[in-house]
Novice: 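One structure is given below, represented as structure tokens, and several questions about it will come after.
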Amino acid sequence: MKYNNILSETGHGVTTITINRPSKLNALNRETIQELRNAFEEAESDSETRVVIITGSGEKAFVAGADISEFADFSVAEGGKLAAQGQKLLFDFVANLSTPVIAAINGFALGGGLELAMAAHFRIASENAKMGLPEVSLGVIPGYGGTQRLPQLVGKGRAMEMIMTAAMIDATQALQYGLVNHVTPLEELMEFAEKMAGKIMKNSPVAIASAIKAINANFESGTNGFEVEITEFGNCFGTADFKEGTQAFLQKRKADFPGK
Ligand code: COA
């Protein structure tokens with residue numbers, strides 16, 4: 001597929017999606033959000049893709065937020081629609097993907113950029129990364145899941161502080177908060193992300209998809225995560241991956257999982 005604002009490349013089981021509007025610090029305009037949705041959808045249905053890495057082009061920004069120029073004159077109804085459509089189209093879609101998604105944060109991850117990174121299954125940041133939800137400085141609040149996912153990741157008090165102050169935190173503080181799992185020098189970021197992808201790819205993609213579903217269930221209101229875990233655990237016993245994984249262990253060899 002041809003894209004105007006992103007790059008998508010697949011090799012060795014990994015699809016790397018790069019947001020590519022460096023002159024606008026990779027800000028998410030409407031077209032970029034739609035292209036990201038298409039690229040994630042393509043990766044999900046591609047049997048070769050076992051892990052997705054999402055990153056930003058250039059050395060300055062992952063994504064500096066939603067494109068402010070697109071919504072500056074919106075009405076109440078248009079604002080509500082922007083958040084509802086964006087959450088459904090991209091952010092919730094990414095969070096619920098059955099293919100693991102790693103965000104490789106290579107610079108500013110602000111507003112919608114941090115929300116996109118938080119929708120990914122986990123995050124790695126370069127040492128120069130800066131993260132924040134500055135929306136209240138613009139007279140608005142995070143609308144792509146930020147008020148929900150930030151407290152889930154860092155705790156309510158820290159999320160309140162970050163959102164109220166609109167301040168950025170650096171990679172070290174993000175690591176301390178648990179907002180990112182690892183910090184690397186910028187030039188090693190992608191290599192590190194690919195190494196993590198390699199570790200994931202050794203395991204059953206079918207079981208990983210079940211695990212994502214069960215973990216996400218903990219954060220869905222009205223869903224009993226323990227029950228989802230029981231169902232998903234049971235389902236695993238009917239999969240070719242389970243047969244291969246257990247046989248390989250008993251035969252003292254490496255498992256060769258059939259794929260997703
Ligand atoms: N939406 C639209 N355009 C954006 C953008 C955004 N969220 N973030 C950056 N850009 C654009 C700038 O307008 C500028 O475009 P121009 O060269 O055509 O004027 C270009 O990207 C470079 O940004 P600039 O502000 O000149 O870079 P900087 O190094 O001085 O500052 C930031 C970097 C990230 C601190 C600053 O760009 C910023 O505060 N961006 C907005 C962050 C934000 O509030 N995001 C939340 C949106 S809800």
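Every number for a ligand or one of its atoms is a count from 1 in the order of the listing.
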Novice: Counting non-hydrogen protein atoms only, what is the nearest one to atom 18 (O) of ligand 1? Give residue, atom name and distance.
Specialist: Lys24 NZ, 2.5 Å

Novice: Please determine, by modelled atom types, if Glu78 and Ser75 share a side-chain donor-acceptor pair under 3.5 angstrom.
Specialist: yes

Novice: Could you establish whether Lys60 and ligand 1 come within less than 4.0 Å of each other, counting only heavy atoms on the residue side?
Specialist: yes

Novice: Can you report which non-hydrogen protein atom sits closest to atom 35 (C) of ligand 1, along with the distance?
Specialist: Met168 CE, 4.1 Å

Novice: Consider only side-chain N and O atoms of Asn4 and Glu31, and report whether a donor and an acceptor are under 3.5 Å apart.
Specialist: yes

Novice: Tell me which one of Leu110, Val136, Val140 gets a heavy atom nearest to atom 34 (C) of ligand 1.
Specialist: Leu110

Novice: Can you find a protein heavy atom under 4.0 Å from atom 6 (C) of ligand 1?
Specialist: yes

Novice: Report yes or no: does a heavy atom of Gly112 sit under 4.0 Å from some atom of ligand 1?
Specialist: no

Novice: Just so I know, are the side chains of Val228 and Thr223 near enough to count as touching, which here means a heavy-atom distance under 4.5 Å?
Specialist: yes

Novice: What is the nearest protein non-hydrogen atom to atom 24 (P) of ligand 1, stated with its residue, atom name and distance?
Specialist: Leu25 CD1, 4.4 Å

Novice: Check each heavy atom of Ser23 against ligand 1 and say whether those closer than 4.0 Å belong to the side chain, the backbone, both or neither.
Specialist: backbone

Novice: Side chains of Gln34 and Asn38 only: does a donor on one sit below 3.5 Å from an acceptor on the other?
Specialist: yes

Novice: In the protein, which heavy atom is nearest to atom 45 (N) of ligand 1, and how far is it?
Specialist: Ala64 O, 3.0 Å

Novice: Below 4.0 angstrom, counting only protein heavy atoms, does anything approach atom 39 (O) of ligand 1?
Specialist: no

Novice: Any non-hydrogen protein atom below 4.0 Å of atom 16 (P) of ligand 1?
Specialist: yes

Novice: Quick check: do Leu97 and His121 have side-chain heavy atoms less than 4.5 Å from each other?
Specialist: yes

Novice: Decide whether Glu48 and Thr10 meet the rule of one side-chain donor and one side-chain acceptor closer than 3.5 Å.
Specialist: no

Novice: Is it the case that the side chains of Asn20 and Thr18 hold a donor-acceptor pair, with the cut-off being a distance below 3.5 Å and no angle test?
Specialist: no

Novice: Could you tell me whether atom 12 (C) of ligand 1 has a protein heavy atom closer than 4.0 Å?
Specialist: no

Novice: Closer than 4.0 Å and a protein heavy atom, does any atom meet both conditions relative to atom 42 (C) of ligand 1?
Specialist: yes

Novice: Do the non-hydrogen side-chain atoms of Ile102 and Val52 ever get within less than 4.5 Å of each other?
Specialist: no

Novice: Assess, by modelled atom type and distance only, whether the side chains of Thr239 and Asp241 contain a donor and an acceptor separated by less than 3.5 Å.
Specialist: no

Novice: Check whether any N or O atom of Ile68, backbone or side chain, sits under 3.5 Å from an N or O atom of ligand 1, and answer yes or no.
Specialist: yes

Novice: For Glu9 and Thr16, which I'm curious about, is there any donor-acceptor pair between the side chains at under 3.5 Å?
Specialist: no

Novice: Any protein heavy-atom neighbour for atom 28 (P) of ligand 1 (distance below 4.0 angstrom)?
Specialist: yes

Novice: Considering heavy atoms of the protein only, find what lies nearest to atom 2 (C) of ligand 1 and give residue, atom and distance to 0.1 Å.
Specialist: Asp67 OD1, 3.3 Å

Novice: Under 4.5 Å between any side-chain heavy atoms of Phe40 and Ile54, yes or no?
Specialist: yes

Novice: Nearest protein heavy-atom contact for atom 44 (O) of ligand 1: which residue, which atom, what distance?
Specialist: Pro134 CG, 3.5 Å

